[in-house]
Each structure stands twice: as C-alpha cells, then as structure tokens.
There are 2 protein chains.
Amino acid sequence: MENKIKGVYLVTDRPLCLHHNLAEVVRLAALGGVSLVQLREKEADSRTFLELAKHLKEILKPFSVPLLINDRLDICLAAGADGVHLGQSDLPWWEARRILGEKVIIGLSLETKEDYFSLIHNDPKPPLHYLAISPVFDTDTKTNTKPAWGLTGVRWLKNETHLPIVAIGGIKESNAADVIQAGADSLAVVSAICSAKDPKSATESLSKKFHSLKE
Amino acid sequence: MENKIKGVYLVTDRPLCLHHNLAEVVRLAALGGVSLVQLREKEADSRTFLELAKHLKEILKPFSVPLLINDRLDICLAAGADGVHLGQSDLPWWEARRILGEKVIIGLSLETKEDYFSLIHNDPKPPLHYLAISPVFDTDTKTNTKPAWGLTGVRWLKNETHLPIVAIGGIKESNAADVIQAGADSLAVVSAICSAKDPKSATESLSKKFHSLKE
C-alpha cells in the first residue's frame, strides 16, 4: 500500500476544474500516472457526493489507483472507496478505524506540531497509512488554514515519523524538487492538476520529477 | 419502536435556539415528553457534529428517547445514535440499511408523490421506520423545499401506507389538531420547541394535544 501513496496525489476541487469536468481531470491524471486520488467535496449533498465517488471509482479501477474520500466515512462505505483522508476537524482517526475496519487507507492531516504531538501521545503507533503536512506553502485553495509549515516543517516531520509524508499546499512544478528533497513521500496537488489545460501532462511531469529524485 | 415514533418529534436547529443552548432545549424537551429527537446540522464540521451527537445521546439516555442523526450515517455510527433521518438528496435508504444494519431506525422524507411512488416501486415493503411528509405547511425553517403537501397530502399518504407518518413543516400548537386528524402519527417541529421561551411546556402542550386526539 505504501507504494500507492508514494508519487503524485490528486486532491479534487470541482470549481478549480477549469478546462475539463472532474471525471475527465481524474481520467487524464490516471493516464498521466497519478498514484492516489482524494475526492474532496465540501458543498455537495450526500447523494451527489456518492454518485461522484462511484463514478471516480469506476474510472480509477482499470488503473488500480486508490480513491480516498475526504472526511465522509459514510460516502467511503457506500461507494466502496479505498479509504478516507481526515482533517483535524473531521471524525477522529480511531473512530474511522473502528467503523471502516483494518483494511481501508486512513490518512491524517497535521496542521501544527501540536497535532503531531497529540497524535503520538495517544498511541505511539497509530494505524494510519500516511500523515499529510498541510499546508507546506501558502495557498488560495483552502481557506482558514494554519501558518504554512515550509520546507523546514517537512524536514522536521520526516525526522519524527516513519509514516509516509504527504505534502500538500502550494506545490507545483517549480517547487516540487525542494519538497521531495525535504523528505515528502508524496506530492499532493489540487490546482496544479485540476486547473491544468492538460492534466495528463501536468501529472506526468510532476510524476517524472518525483520518481527521478525519489528512486 | 413504533411507539417511540408516535408523539412529538423534535428536529434541532441551533440558530433557532433563541433562549437556551441546544443541549438545554433538548433536555427541556425530554422533560416535556418529546418522543424522538433528530440532530440536524448542516453547517457544523464533522468533529463538532459528533461531539454534539454524543452530548445529546447522553442527555436523552435517561429518558429512553431515541436520537436520530440527519443525513450523516458516519456520525450515527460514531456517536452510537439510534438511527438516521434521510432526505431525498441524502444517501439512499438501501445503502443506509446495508451500512447501519437491521436494528437502527431509518426514516425517509417524501417531498412529492413521485418520491413515494419511486419508493414503493423499488420495494413494496421498504425496511423503513417512518415516512416524513415534508413540508406539510410552508415554513421559513427549511429553504428550497417543494410545494407544501397540505392536510390533503397527509390524508392521501395515510391512505397509501401502513408506515407511521411524521408530519413536518410549519406545525404549531394552532394547527396540530388538524394535522393529527388528517392522519399524522408524529408531529415534527423545529421552531415551535427550539425557539420557545419554555421548551418544556411547549413540548408538553403539543404532546398532550397529540395524546388526547390519538389515543
């Protein structure tokens, strides 16, 4: 599973899909070698969210790319998705693990060092598949985020944990190498793929950069 | 379980809790004889929603009043609530039944006759605990609702189904008797309790009216 996490990780944002609809962005990202897709829907009603999740699951299946659901355990269960991505104001990871079982992927966002300390305080080996460090850089995509971690933050977390680190927030072609060299195991991007005219080549190019530096 | 559904059914709305906080409104409604409480949170993040659900569950436990969660199956599972109330744009009831198991209460809102026909078309005996007819009267509480069913609609549904009917939308002291006589098995109210200066006596008074006409 760890291999699935490493690489380019697409977090969806429908309003940012400027040149193609969401399904097409996801299909093109899969063709471009995306390793993981997270469906993030903060405005959709549950029925729409579920339909989108089922549709993306179908698109990703032939590529064996796992689909994660942001926040909503029930959508994950109903859509047969591969896991969930949890933020600090989502359901606690231990409830998610209890409800979803042992097999699903659960990733957790850390916005501050305190988030990390309270995590390891609870349990020295939390059954999580990755930690997302968010945001690495300032970004317009998500509002109300805490101050950016910067590359220093990525280096710090890499030193602290053996869990794969997903870097998210303001990552693009031009800073990807720095983020990988600081210790990220996965580059999560929103607009760099969603808003690209050619999501396939945007993914390919990030993915090439990742693999050339990481392997 | 049917007995639990019959009576006065409180649907929560935090912004409408004008004189007491939500937990206190629920406690006072329980003291006043409410038969069922539905926690409805359209704006809260998942963590806040869960904390509220757990808190209300604790308040209602000594009264043996079931707590239902609006829409969110995952909150129901995490909080150990007694069931869910589903609208037409929430997850489908068959997914809810599959995910939540046989024991939990599942109620479904019908906004139009077509909603009812598509329900009985799918399965002549859907494993639901009640049908909510919504809205019976026009109301300011919920926006984007379909045209009101009116008392004619309640009579029509009563004639169609053996499932308990929860009437919701614009129900208050002054029209409660008409709604009961039209066939409602439960009076769902939002502002009539949430915004009451004395939620206990508001509940008591609706409950007395219900039981005097229904038993």
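Atoms considered below: every heavy atom in the structure, side chains included; atoms not considered: hydrogens, waters and symmetry mates. Chain naming here is simple, since letters A, B, ... match the order of the sequence lines and numbering starts at 1 in each.
The residue among B:L91, B:L50, B:T48, B:L86 with the most heavy atom pairs within less than 4.5 Å of chain A is B:L91.
The list of ring pair (Phe, Tyr, Trp, His ring centres under 6.0 Å) pairs with a residue in residues 41-86 of chain A, not counting sequence neighbours, reads A:H85-A:Y130.
Within 6.0 Å of NZ on B:K61 lie no more than 12 heavy atoms contributed by other residues, nucleotides or ligands. Within 6.0 Å of NZ on A:K54 lie more than 12 heavy atoms contributed by other residues, nucleotides or ligands. The environment of NZ in A:K172 is sparse: at most 12 heavy-atom neighbours from other residues, nucleotides or ligands sit within 6.0 Å.
Shortest non-hydrogen contact noted between B:Q88 and A:R47 is O-NH2, 3.2 Å.
Close approach to chain B, defined as a heavy atom under 4.5 Å from one of its heavy atoms, is seen in no residue of residues 19-34 of chain A. Residues of residues 71-80 of chain B placed with any heavy atom under 4.5 Å of a heavy atom in chain A are listed by number as B:D71, B:R72, B:L73, B:D74, B:I75, B:L77, B:A78.
Residues passing the ring-ring contact (aromatic ring centres under 6.0 Å, His included) test with B:Y116 are B:W156, sequence neighbours excluded.
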